[in-house]
Novice: 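Handing you a structure now.
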Amino acid sequence: METYNAVEIAKKIIELDVKRDELLEDLMNLAGNRAFELLRFMQNKK
C-alpha cells in the first residue's frame with residue numbers, strides 16, 4: 001500500500017510541476033522582464 005501512495009504522490013508532484021511551468025510562462029508573458037521580481041514580491045508578502 002505504501003508503494004501505491006508513493007506513486008500517486010509522485011504523479012501529483014509531476015502534475016504540479018507541469019502546471020507551475022505553464023503558469024510561470026503565463027506570468028512571463030504578462031509581466032515581461034519583471035515576472036521574477038513580481039513572483040519574489042508575492043512570495044515574500046505571505
Novice: Could you list the cluster mates of V7? Members are the ILVMFWY residues connected by side-chain heavy atoms closer than 4.5 Å, either directly or through other members.
Specialist: none
Novice: Under 4.5 Å side-chain heavy-atom separation, chaining through any Ile, Leu, Val, Met, Phe, Trp or Tyr, what else clusters with M28? Say none if it is isolated.
Specialist: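 Noted: M28 shares its cluster with L24, L27, F36, L38, L39, F41, M42.
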Novice: Tell me the salt bridge (Lys or Arg N to Asp or Glu O under 4.0 Å) pairs involving residues 27-45, sequence neighbours left out?
Specialist: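 Every salt bridge (Lys or Arg N to Asp or Glu O under 4.0 Å) pair that includes a residue of residues 27-45, provided the two are not neighbours, is R34-E37.
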Novice: Which donor-acceptor pairs under 3.5 Å do the side chains of residues 9-21 make with protein atoms, sequence neighbours left out?
Specialist:
none

